[in-house]
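Heads up: the structure comes next, in structure tokens.
Chain A is the first sequence line, chain B the second, and so forth, proteins listed ahead of strands; every chain is numbered from 1.
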Protein chains: 2
Amino acid sequence: MPYPDEAQGFQVDSPETFTTFHKRSFPLKPFGEHDIDIKVEACGVCGSDVHTLSGGWGEQKFPLCVGHEIVGRAVRVGPKVTSVQPGQRVGVGAQCLSCGECKQCKNDNETYCPVLCLDTYGSTWPGTDLVLQGGYSSHVRAHEHWVFPIPDALDTTLVAPMLCAGITAFSPLVRNGAGPGKKVGIVGLGGIGHFGVLFAKALGAETWAISRTRAKEEDARKLGADGFIATAEQDWEVPHRFSFDVIVNCANSSAGFDLAKYLSMMDVHGRWVSVGLPEEEGQVIKAQNLIANGVLIGASHLGSRREMLQMLQLAADKGIKSWVETIQIGEEGLKEAMLRMKKGDVRYRFTLTGYDKVF
Amino acid sequence: MPYPDEAQGFQVDSPETFTTFHKRSFPLKPFGEHDIDIKVEACGVCGSDVHTLSGGWGEQKFPLCVGHEIVGRAVRVGPKVTSVQPGQRVGVGAQCLSCGECKQCKNDNETYCPVLCLDTYGSTWPGTDLVLQGGYSSHVRAHEHWVFPIPDALDTTLVAPMLCAGITAFSPLVRNGAGPGKKVGIVGLGGIGHFGVLFAKALGAETWAISRTRAKEEDARKLGADGFIATAEQDWEVPHRFSFDVIVNCANSSAGFDLAKYLSMMDVHGRWVSVGLPEEEGQVIKAQNLIANGVLIGASHLGSRREMLQMLQLAADKGIKSWVETIQIGEEGLKEAMLRMKKGDVRYRFTLTGYDKVF
């Protein structure tokens with residue numbers, strides 16, 4: 001295998017053929033002194049992968065190999081790397097570079113860096129024409145700031161989806177004070193939402209799952225939810241008015257969403273934080289919908305390295321287990337993953353495994 | 001004069017005749033053990049008065065005497081009143097009652113009480129048909145929680161507008177951390193906005209006034225603004241991207257507002273808090289506009305008693321002076337006030353005075 005400056009992986013050629021994967025070789029970005037090469041052992045299948053490949057988020061750079069919930073072994077570390085040893089098990093998430101020097105980067109807000117936020121796949125490496133390829137592949141290469149040591153207690157298959165879906169739920173929870181004495185809601189029990197319930201509960205909050213019907217209530221309770229709200233029911237919001245401190249909205253779509261009812265459940269200056277990036281247009285917000293309780297509406301994007309390490313440690317300490325269905329990586333498995341993700345037919349995340357069988 | 005269970009005041013009969021005031025007598029609400037009767041000496045003219053009388057906020061209970069920036073002397077205090085002595089100078093703002101017993105009321109959030117938020121004028125007193133009348137009148141009566149002792153250092157004419165416009169600007173500033181080391185913006189240099197600049201500066205923040213043109217720049221600088229942004233200019237937001245911690249939006253209208261540009265000026269998790277209640281429909285918010293910096297969008301409604309007392313003390317300590325134009329209360333003066341408010345022709349607040357000449 002053409003290691004270490006090339007990797008092999010599964011690429012898609014266009015949105016029209018987003019379920020057809022081709023195994024190919026492609027170059028890795030130039031090796032830097034802070035870089036780590038990782039031999040991939042597992043990768044979660046993120047909603048972003050599907051949005052990206054199927055064209056829902058607009059034009060992308062094809063051919064493309066996606067995947068940004070990557071777990072593997074460090075097989076080469078640059079001379080200036082201090083945080084990882086060769087052979088160590090590590091993870092890579094959805095972002096692989098920021099400027100590292102601005103106020104935001106120095107302030108644990110590197111996923112909001114205004115200078116440079118480079119996605120793990122699909123972005124062009126600065127100063128080159130090279131389009132970065134993701135973790136549906138044999139190897140990835142990344143700067144050590146974006147490579148996270150995985151605590152021994154965590155299973156490779158289960159930890160993979162935490163690297164994007166997990167941190168996406170965890171960061172807004174800790175940034176908005178989820179913890180003992182707080183009432184926290186998680187809207188949308190999908191890949192991100194199931195982590196929302198797991199982490200809100202682990203952080204000590206009174207945790208409510210909020211879904212359209214009661215179909216997932218049993219799952220939500222098993223995940224640790226203290227309560228369940230079904231928004232298809234009459235007056236579902238009424239008993240909860242002025243009571244939630246934080247709601248993390250993980251819904252993947254805003255269609256048919258009566259936002260005012262959700263917001264009416266927030267306590268004074270409660271936070272309604274969205275982590276999804278729906279493909280639809282936005283929603284109309286009226287000051288009148290915000291003023292009764294002074295609710296704050298926001299959005300959140302991944303989470304810092306510091307939060308990533310904190311999340312992994314919490315998961316290790318509390319024995320938090322993602323709900324994962326494994327799929328053998330390959331043309332067939334990836335097609336199945338795409339089709340079932342598109343239908344929302346997964347509880348609650350796929351992890352691609354069996355890398356040693358195909359690379 | 002039929003004191004104390006009646007007052008005299010200036011009422012309007014319909015939105016169509018909102019500049020025609022009639023001097024009439026009307027009953028005060030039943031006197032309670034915690035109530036204070038106040039002989040009015042001055043009253044600010046609030047944008048709400050005009051919205052209410054001219055029908056912009058929908059149907060109201062006419063005939064109506066408005067006014068909720070009231071300063072006067074306590075002339076009668078109920079047997080259970082502990083906070084005010086007879087003869088003391090006091091103020092009343094825009095709210096005159098909440099339930100007093102819920103979590104929000106006990107938590108300094110009584111202006112967000114989910115049980116009962118009674119406006120100083122235009123609301124019906126619970127258990128009666130009596131529609132409360134405001135401070136364009138000889139006397140008002142209110143529960144002591146909503147009656148604020150005025151520090152001696154403050155001038156009656158200048159303090160009146162602080163009781164609604166002032167606290168409306170002050171509360172979101174202190175609740176969102178305006179202070180030393182923070183960059184704060186005030187959008188809209190009107191009645192509320194000019195207090196925003198005065199208070200943000202007094203609280204120690206780097207204070208920027210944000211207006212359409214530079215017409216008010218000199219005023220803004222005199223009020224204490226460190227900087228000025230004119231949104232009619234090309235690329236006005238570019239130098240300020242990712243820099244504001246808090247912006248209080250005091251604009252009275254959302255027409256032609258390119259919200260995404262304003263939001264792009266916020267630092268990570270900065271707060272964009274609106275205090276106006278525009279008559280237009282709301283704005284479309286897309287998660288995409290919020291995600292780059294994780295900005296939080298909110299609204300704020302008045303401020304607590306604790307904040308009111310804190311604001312008055314700050315104004316006294318720092319010698320903060322509202323910019324006020326006085327108008328003699330009466331049919332003629334009120335007509336002029338309404339017409340000029342409707343045009344935005346005031347810098348920056350009217351205070352009605354000369355009460356002893358008409359009552």
Side-chain angles (χ1 to χ4, degrees), chain A residues 57-58 102-105 107-115 117 171-172 175-176 241-243 249 251 254 259-260 263-304, chain B residues 57-58 102-105 107-115 117 171-172 175-176 241-243 249 251 254 259-260 263-304:
Chain A
W57 282 347
C102 68
K103 174 184 168 192
Q104 287 75 20
C105 282
N107 206 12
D108 280 321
N109 286 315
E110 65 269 33
T111 62
Y112 302 94
C113 173
V115 181
C117 275
S171 176
R175 289 184 180 216
N176 293 291
R241 280 191 189 145
F242 278 86
S243 73
N249 171 28
S254 55
L259 188 59
L263 298 182
S264 74
M265 297 198 297
M266 306 306 300
D267 197 2
V268 178
H269 307 320
R271 315 288 184 84
W272 167 270
V273 182
S274 291
V275 300
L277 210 54
E279 297 182 0
E280 302 96 354
E281 283 303 299
Q283 294 196 285
V284 176
I285 310 247
K286 301 183 66 165
Q288 281 81 344
N289 298 150
L290 307 179
I291 210 159
N293 53 10
V295 59
L296 290 156
I297 295 182
S300 175
H301 182 226
L302 305 176
S304 68
Chain B
W57 281 348
C102 68
K103 174 182 169 193
Q104 288 75 20
C105 282
N107 205 13
D108 280 323
N109 286 315
E110 65 267 34
T111 62
Y112 301 94
C113 173
V115 182
C117 275
S171 175
R175 288 183 180 218
N176 293 290
R241 282 191 186 144
F242 278 86
S243 72
N249 171 28
S254 56
L259 187 60
L263 297 182
S264 75
M265 298 199 296
M266 307 307 298
D267 197 1
V268 177
H269 306 320
R271 316 285 184 87
W272 167 270
V273 183
S274 291
V275 299
L277 211 52
E279 296 181 3
E280 302 96 353
E281 283 302 300
Q283 296 197 286
V284 175
I285 309 246
K286 300 184 66 165
Q288 280 82 344
N289 299 150
L290 307 179
I291 209 160
N293 51 12
V295 60
L296 291 156
I297 295 182
S300 174
H301 183 226
L302 305 176
S304 68

With sequence neighbours excluded, tell me which residues meet side chain to side chain donor-acceptor pair (under 3.5 Å) with B:N176.
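For B:N176, the residues satisfying side chain to side chain donor-acceptor pair (under 3.5 Å) (neighbours in sequence not counted) are B:R271.
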Looking only at heavy atoms and a cut-off of under 4.5 Å, which of B:N293, B:I297, B:L290 has the most pairs with chain A?
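Of B:N293, B:I297, B:L290, B:I297 has the most heavy-atom pairs under 4.5 Å with chain A.
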Of the listed residues (B:V268, B:N109, B:V295), which shares the most heavy-atom pairs with chain A below a 4.5 Å separation?
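Going by pairs under 4.5 Å, I would pick B:V268.
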Working note: A:L259 + A:W272, criterion side chain to side chain contact (heavy atoms under 4.5 Å, CB included); need CA distance, chi angles, decisive distance, verdict.
CA-CA 10 Å; A:L259 188 59; A:W272 167 270; 3.7 Å; yes
Tell me, out of A:C113, A:P114, A:G298, A:C102, who's got the most heavy-atom pairs with chain B below 4.5 Å.
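Of the options given, most contacts go to A:P114.
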Got a sec, which residues hit ring pair (Phe, Tyr, Trp, His ring centres under 6.0 Å) with B:H301, two or more places apart in sequence or on another chain?
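Not a single residue meets the ring pair (Phe, Tyr, Trp, His ring centres under 6.0 Å) criterion with B:H301.
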Between A:E110 and A:Q104, does the side chain to side chain contact (heavy atoms under 4.5 Å, CB included) criterion hold? Intermediate values first, please.
CA-CA 6 Å; A:E110 65 269 33; A:Q104 287 75 20; over 6 Å; no
